[in-house]
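Let me begin by presenting the structure, written as structure tokens, before commenting on it.
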Amino acid sequence: MTSGRLTIAQATYDEIVAHAKRDHPVEACGVVAGPEGSDRPERFVEMVNAAGSPTFYEFDSTDLFALYREMDDRDEEPIVIYHSHTATEAYPSVTDIRLASEPGAHYVLVSTRQHGNNDGPVEFRSYRIVDGVVTEEEVDVVPALPAD
């Protein structure tokens, strides 16, 4: 299951980056769901940062419960859990590591510190976080996910 790499479609990558830029200076957050056991990030789900903070993100518990119920109904799981860092590098904070509860997920961080919500590149990095251990992985952005 853990290949040490995240393969993501260009359109999904663009949605994550656009969300991070749009919400700057507040941290953006969301999930990309996919079929259980597939490692295919297919369905982009933008979430609201209930903390409304430039230094911390928190999924609204009601929204998160609804999302997990919906994923369960669709035989999906969270493939990517993403959020942005607005003033620091795209590396998991101590809090991010402590709150990481999906060992099978790719934790994507987007840093908007350089250009904020203006045009310009962002730092886009992916990690596995299992039992407090952070492992960075390669990110392959492809035109579209390959067919099953």
Looking at every non-hydrogen atom in both residues, tell me the closest pair between [X] and [Y] and how far apart they are.
| X | Y | result |
| --- | --- | --- |
| G34 | S38 | C-OG, 4.1 Å |
| R128 | D39 | NH2-OD1, 3.8 Å |
| Y68 | P78 | OH-CG, 3.5 Å |
| E77 | G37 | OE2-N, 2.8 Å |
| V134 | P92 | CG1-CG, 3.9 Å |

Strictly by modelled atom types, are [X] and [Y] linked by a side-chain donor-acceptor pair under 3.5 Å?
| X | Y | answer |
| --- | --- | --- |
| T112 | H24 | yes |
| H83 | N49 | no |
| D119 | H115 | no |

Can we call the ring centroids of H106 and Y82 under 6.0 Å apart?
->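 Judged by ring-centre distance (under 6.0 Å), H106 and Y82 do not meet the cut-off.
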
Would you give the length of the straight line joining atom CG of L145 to atom CG of D140, rounded to the nearest 0.5 angstrom?
->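 Atom-to-atom, L145:CG and D140:CG are 11.0 Å apart.
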
Would the distance check show the side chain of [X] and the main-chain N or O of [Y] forming a donor-acceptor pair, the cut-off being under 3.5 Å?
| X | Y | result |
| --- | --- | --- |
| E136 | S126 | no |
| D73 | E70 | no |
| Y107 | E102 | yes |
| K21 | V122 | no |
| S84 | A28 | yes |

Do the side chains of [Y] and [X] get nearer than 4.5 Å, heavy atoms only?
| X | Y | result |
| --- | --- | --- |
| I79 | R40 | no |
| Y127 | V108 | no |
| T86 | R113 | no |
| P41 | L6 | yes |
| I8 | I16 | yes |
| E46 | R22 | yes |
| V32 | R43 | no |

CA sep, side-chain torsions, deciding dist, call: L109, Y91, side chain to side chain contact (heavy atoms under 4.5 Å, CB included) = CA-CA 7 Å; L109 277 102; Y91 189 85; 6.0 Å; no

Is there a path of hydrophobic side-chain contacts, each under 4.5 Å between heavy atoms, that joins [X] and [Y]?
| X | Y | result |
| --- | --- | --- |
| M71 | F44 | no |
| I81 | I97 | yes |
| V141 | V110 | yes |
| V17 | V80 | yes |

V130: hydrophobic cluster co-members (side-chain, 4.5 Å) |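 For V130, no cluster forms, as it stays isolated from other hydrophobic side chains.
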
Side chain to side chain donor-acceptor pair (under 3.5 Å) partners of residues 54-64, not counting sequence neighbours, each pair once =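 Found S53-T55.
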
Only one of E137, E138, E89 clears salt bridge (charged side-chain N to carboxylate O under 4.0 Å, His left out) with R125; which?
->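 That would be E89; it is the only one of E137, E138, E89 passing the salt bridge (charged side-chain N to carboxylate O under 4.0 Å, His left out) with R125.
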
Begin with the C-alpha distance, continue with both residues' side-chain angles, and end with the deciding distance and a verdict on side chain to side chain contact (heavy atoms under 4.5 Å, CB included) for L64 and M47.
-> CA-CA 8 Å; L64 191 60; M47 303 286 282; 4.2 Å; yes

